Engineer: 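Let me begin by handing over the structure; questions about it come next.
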Amino acid sequence: MGEHKLARVGIITSGGDAPGMNAAIRAITRTAIHHGLGVVGFYRGYEGILTKQYDVMDRRSVANILQRGGTILRSARCPEFRTEEGRQMAAENLRELAIDVLFVIGGDGSLKGAQALTEVWDGQVIGLPGTIDNDLAGTDFTIGYFTALDTALESIDKVRDTADAFERIFLIEVMGRMAGFIALGVGLGCGAEKILVPEEPTEVRDLVADIQDSRAAGKLSCIIVVAEGVVANGLRSIDGRITIHDSTVLAKELQRETGLECRAVVLGHIQRGGSPAALDRILASTLGTYAVEAALDGHTGVMTGIRAEALCLVPFAEAWSEHKPLDAYQLKVQKLLV
Ligand code: ADP
Ligand code: F6P
């Protein structure tokens, strides 16, 4: 970080919100101010740049937000930014507001947008991985993932109590878009009898056999964690007549085939809320400061990340075009410990 000519930076949070986004906003704001930069926070992601809805931030603007879920800058999906004209207008507005660097905190879609912005705007663009899905390649973890795991686990532990009491099968659908990171994490964390992830093929027939084996082995309850991506892809019913795209329908199919009571619980958006876990606060704060320092060093078109406990910069395209694999060893552990 030697001489730099930067004067003013902008921040957006975009796409699915994630616990820890506020901690990242706070870290970027305070680090930028520490280095003598002005800070502008745009509201509702790319939409705020298009509509010029923003506030000038000072150190106090980000007081008492570190521990809060959601994002004080709000979030949105912005279809207009997907068009060339939309991005040209964003670039024009950023020029007019004399923004030198834009920090984009979001998931893969937001970072695709960030990449596209670099093609029409000559300012620097730096991304921060903000998504509960943990599906961005180039970083071991994303901001929000740890909290989502804790939140899901808290609920699943409660479901386990009633599952045991009634000796039932529970199918628990978790978020994660087309990736199985949340399912694998909570599956390990709650001792699920089975996890269904989009990265591995699932046959309903095998599932029925697994449930029957589990019952025969003396297990009273059975928790099956299913990633939403598996449901989105669809599962063929045993008779091959329908493709199941709904956890409740899948639970009914399992009940019919096993003769055991089976219920579905879709955890949904509770996984996105709540006070960030310690690891998300620490990750967001560290990456926020690192992102500003990367900008001061002249970087652009990169996402900040952490790999093997070392901070790193990942070219945008790498973050979303490369498939991030699930940890094979954790998959093995999950299967072994049931
Ligand atoms: P996330 O960042 O959580 O993956 P989305 O995929 O919905 O969420 O993306 C958030 C926003 O990023 C979109 O509403 C859009 O404004 C922008 N975006 C996503 N993909 C692109 C793209 N290919 N080109 C330009 N902008 C994009
Ligand atoms: O990317 C975060 C996420 O919560 C995904 O896990 C989920 O598929 C999606 O966003 C839900 O989006 P929405 O809030 O638009 O329903």
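If you're wondering where the values come from, they're calculated on a predicted model, not measured in any experiment. Only heavy atoms go into these numbers, but all of them, side chains included; no hydrogens, no water, no symmetry mates. Start at 1 and go down the list; that is how both ligands and their atoms are numbered.
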Engineer: Counting each atom of ligand 1 from 1 as listed, which ones have a heavy atom of Gly16 under 4.0 Å away?
Structural biologist: 3 (O)
Engineer: Please step through salt bridge (Lys or Arg N to Asp or Glu O under 4.0 Å) for the pair Arg263 and Glu261, ending with a clear verdict.
Structural biologist: CA-CA 7 Å; Arg263 298 279 191 275; Glu261 274 196 301; 3.4 Å; yes
Engineer: Which one holds for Tyr46 and ligand 1: side chain close, backbone close, both close, or neither close, with close meaning a heavy atom under 4.0 Å?
Structural biologist: side chain
Engineer: Quick check: Gly109 and ligand 1, any N/O pair under 3.5 Å apart?
Structural biologist: yes
Engineer: Would you say Gly107 touches ligand 2, if touching means a heavy atom closer than 4.0 Å?
Structural biologist: no
Engineer: Flag the pair Val204 / Leu254 as yes when at least one side-chain heavy-atom distance between them is below 4.5 Å, and no otherwise.
Structural biologist: yes
Engineer: Any heavy-atom pair between the side chains of Ile105 and Ile12 that's under 4.5 Å?
Structural biologist: no
Engineer: For atom 7 (O) of ligand 1, grab the closest protein heavy atom and report residue, atom and distance to one decimal in Å.
Structural biologist: Arg77 NH1, 2.9 Å
Engineer: So for Glu47, does at least one of its heavy atoms come nearer than 4.0 angstrom to any atom of ligand 1?
Structural biologist: no
Engineer: Mind running salt bridge (Lys or Arg N to Asp or Glu O under 4.0 Å) on Arg307 and Asp140 for me, showing each step along the way?
Structural biologist: CA-CA 5 Å; Arg307 245 183 332 222; Asp140 292 343; over 6 Å; no
Engineer: For Lys252, does the NZ atom have more than 12 heavy-atom neighbours from other residues, nucleotides or ligands under 6.0 Å away?
Structural biologist: no
Engineer: Does the N or O separation between Gly107 and ligand 1 drop below 3.5 Å for any pair?
Structural biologist: yes
Engineer: Using a 4.5 Å cut-off on heavy atoms from C-beta on, say whether the side chain of Lys324 contacts that of Phe181.
Structural biologist: yes
Engineer: May I ask you to list the atoms of ligand 2 that are less than 4.0 angstrom from any heavy atom of Arg77?
Structural biologist: 10 (O), 12 (O), 13 (P), 14 (O), 15 (O)
Engineer: Run down the list Asp17, Thr131, Ile132, Asp133 and name the one with the heavy atom closest to atom 1 (O) of ligand 2.
Structural biologist: Asp133
Engineer: Among Gly15, Gly113, Ser110, Gly127, which one has a heavy atom closest to atom 2 (O) of ligand 1?
Structural biologist: Ser110
Engineer: For Phe146, check ring-ring contact (aromatic ring centres under 6.0 Å, His included) against everything at least two apart and list the hits.
Structural biologist: Phe141
Engineer: Is Asp108 in contact with ligand 1, taking contact as a heavy-atom separation below 4.0 Å?
Structural biologist: yes
Engineer: Tell me, do Asp161 and Phe166 make a side-chain contact under 4.5 Å, heavy atoms counted?
Structural biologist: no
Engineer: Identify, for atom 3 (C) of ligand 2, the protein heavy atom at the shortest distance, and state residue, atom and that distance.
Structural biologist: Arg272 NH1, 3.5 Å
Engineer: Quick check on contacts: which atoms of ligand 2 are under 4.0 angstrom from a heavy atom of Gly176?
Structural biologist: 6 (O)
Engineer: Under a 4.5 Å cut-off applied to non-hydrogen side-chain atoms, are Val197 and Leu326 in contact?
Structural biologist: yes
Engineer: Within a distance under 4.0 Å of any heavy atom of Glu228, pick out the atoms of ligand 2 and give their elements.
Structural biologist: 5 (C), 6 (O), 7 (C), 8 (O)
Engineer: Should you measure from each heavy atom of Cys78, which atoms of ligand 1 turn up under 4.0 Å away?
Structural biologist: 13 (C), 14 (O), 15 (C), 16 (O)
Engineer: So, does Thr304 use its side chain to make a donor-acceptor pair with the main chain of Cys312 at under 3.5 Å?
Structural biologist: no
Engineer: Heavy-atom distances under 4.0 Å are what count here, so tell me which part of Glu80 touches ligand 1: side chain, backbone, both or neither.
Structural biologist: neither
Engineer: Relative to the heavy atoms of Arg87, which atoms of ligand 1 are at a distance of less than 4.0 Å?
Structural biologist: 25 (C)
Engineer: Just to check, does His269 reach to within less than 4.0 Å of ligand 2 when the distance is taken from its heavy atoms?
Structural biologist: yes
Engineer: How close does the nearest protein non-hydrogen atom get to atom 11 (C) of ligand 1, and which residue and atom is it?
Structural biologist: Ser14 OG, 3.7 Å
Engineer: For Ala192, does its backbone N or O pair with a side-chain atom of Gln334 as donor and acceptor, under 3.5 Å?
Structural biologist: yes
Engineer: Side-chain contact test, heavy atoms from C-beta onward, threshold under 4.5 Å: evaluate it for Glu173 versus Val231 and give yes or no.
Structural biologist: yes
Engineer: For ligand 1 and Lys112, I'd like to know whether there is a polar contact (N/O to N/O, distance under 3.5 Å).
Structural biologist: no
